[in-house]
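Please read all numbers here as calculations on a predicted model, not as lab measurements.
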Amino acid sequence: MRENGPVTSATRQPETPAAALPPRLIATDLDGTLLRDDKSVSERTVAALAAAEEAGVEVFFVTGRPARWMDVVSDHVHGHGLAICGNGAAVVDLHGGPGAHRFVKVRELARENALDAVRLLREAAPGTVFAVEKTYGFYQEPAYPKLHMEIPDTLAPAEQLLAPDAPGAGEPVLKILAFHHELDPDAFLTVARRAVGDRATITRSSPSALLEISGPGVSKASTLELCCAERGISPEEVVAFGDMPNDVEMLTWAGTSYAMGNAHPAVIAAASGRTVANNEDGVAVVIEKILAERL
C-alpha cells in the first residue's frame, strides 16, 4: 500500500480552479497519478489522453522513472512522443519503444556534486546506502535494498561508482538514490536537504525512506518550463497533475494544477485544485471536463 493511500478526496468530482487561459499542455506524473496502483493505464484514461491530443492539447508524461521504465506508457504517446524522466534530468523521445528511447535533453548531476551529497549524507544520516542512475545503467552499493525492477550492473561503494574510471563512466549521471532503513521518509528528506544544501536538488516519490538526488536546479518543474518555453507555452496554459513531493514544484509552477485524491499533504497544499484518486481515474476526470468546456 502507498504511504499516502488513505488520503481521499471529499467528492467524486474535481475541485476545479479557474484557468486563466485555455490549456495548451497537460503535464502528468505517472505512479500514483496517471497509473493505477497495479501500474496499468485504464481504458478511460487512454481515451482521455487521445482526446486531448486530438483537440490540440499536448500531453507530457513527467516522472521520476528512468527512460527504460517507460514501457507502461509507450503505447499511449501521441504527436511529439516526449516524456520528462528522472525528475527532470532527461527529456526522452518514446517513439522508439522500450529499449530504443532517444535522449533529447540531459541535465546531469556532476560527479563532484554527487560525491559531496554522498559524503554529507553519510555524515548527517549514518546508515544511508546509495545507488547511481545513469542514462543507460543502474549501479548500487551492496547494502542497497532490492527496490527496483532490475539487476544492477555493478555492486560497489558509491564513491567507486562515481569514480572517473567506474563502469559506465562515459554516461551522464542522472541522479543518485539514497535509502535509509530506519528514518521516517519526510524526516529523512528534511535532514538531507539541510545537509546537502544547494549542491543538489533532493526530493522523494516513494512511500519508503528513499530520496532522489539530482543536479542543482533540476526538477520536473524546471525541465517542463524549458520544454514549454521552446513551444511558446506559458505557465498559465499548463495543467499539471501529481501526488508526491517530487511533484510540488511542477504543481506550483503550472497555472492550473491538481493534487490526486491519494496525494501527500505537501502536494495538496501546493496544488490549486484536487481531483479523485489515481484508482478512480482522477486525471481522466479532469481532462474530460476540460475538453467538454472547450466545446
[X] versus [Y]: any side-chain heavy-atom pair under 4.5 Å?
{"X": "L35", "Y": "S40", "result": "no"}
{"X": "E237", "Y": "L25", "result": "no"}
{"X": "V218", "Y": "L109", "result": "no"}
{"X": "F61", "Y": "L34", "result": "yes"}
{"X": "L162", "Y": "V132", "result": "yes"}
{"X": "F60", "Y": "L82", "result": "yes"}
{"X": "S257", "Y": "S272", "result": "yes"}
{"X": "V285", "Y": "R44", "result": "yes"}

Show your reasoning for whether side chain to side chain contact (heavy atoms under 4.5 Å, CB included) applies to V118 and E159.
CA-CA 8 Å; V118 168; E159 291 81 359; 3.5 Å; yes
Identify whether [X] and [Y] are in the same connected component of the hydrophobic contact network (ILVMFWY, side-chain heavy atoms under 4.5 Å).
{"X": "I268", "Y": "L189", "answer": "no"}
{"X": "F241", "Y": "V248", "answer": "no"}
{"X": "L30", "Y": "L174", "answer": "yes"}
{"X": "V62", "Y": "I202", "answer": "no"}
{"X": "L251", "Y": "V239", "answer": "no"}

Ion pair [X]/[Y], N-O distance below 4.0 Å:
{"X": "E58", "Y": "R24", "result": "no"}
{"X": "R122", "Y": "E141", "result": "yes"}
{"X": "K220", "Y": "E225", "result": "no"}
{"X": "D31", "Y": "K39", "result": "yes"}
{"X": "K175", "Y": "E212", "result": "yes"}
{"X": "E112", "Y": "R199", "result": "no"}

For E182, is the CD atom crowded, meaning more than 12 foreign heavy atoms sit under 6.0 Å from it?
no
Taking all non-hydrogen atoms of both residues into account, name the closest pair between [X] and [Y] and its distance.
{"X": "G127", "Y": "H180", "value": "C-CD2, 4.0 Å"}
{"X": "A83", "Y": "L94", "value": "CB-CD1, 3.8 Å"}
{"X": "F179", "Y": "S208", "value": "CE1-OG, 3.9 Å"}
{"X": "A277", "Y": "N262", "value": "CA-OD1, 3.2 Å"}

In Å and rounded to the nearest 0.5 Å, what is the [atom1] to [atom2] distance from [X] to [Y]?
{"X": "S205", "Y": "N246", "atom1": "OG", "atom2": "CG", "answer": "4.5 Å"}
{"X": "T45", "Y": "I287", "atom1": "OG1", "atom2": "CD1", "answer": "7.5 Å"}
{"X": "R193", "Y": "R204", "atom1": "CZ", "atom2": "CZ", "answer": "9.5 Å"}

Pair D243-T33, side-chain donor/acceptor within less than 3.5 Å
yes
Can you confirm whether the side chains of E249 and S219 place a donor and an acceptor under 3.5 Å from each other?
no
Apply side chain to side chain contact (heavy atoms under 4.5 Å, CB included) to E133 and V173, showing your working.
CA-CA 6 Å; E133 183 79 59; V173 175; over 6 Å; no
Give the C-alpha distance, both sets of side-chain angles, the deciding distance and a yes or no for side chain to side chain contact (heavy atoms under 4.5 Å, CB included) between F130 and Y144.
CA-CA 6 Å; F130 297 92; Y144 186 87; 5.5 Å; no
Carefully, step by step, assess V283 and Y258 under the rule side chain to side chain contact (heavy atoms under 4.5 Å, CB included).
CA-CA 9 Å; V283 173; Y258 290 88; over 6 Å; no
Could you walk me through whether H264 and D247 pass the side-chain hydrogen bond (donor to acceptor under 3.5 Å, both in side chains) check?
CA-CA 10 Å; H264 185 281; D247 297 312; over 6 Å; no
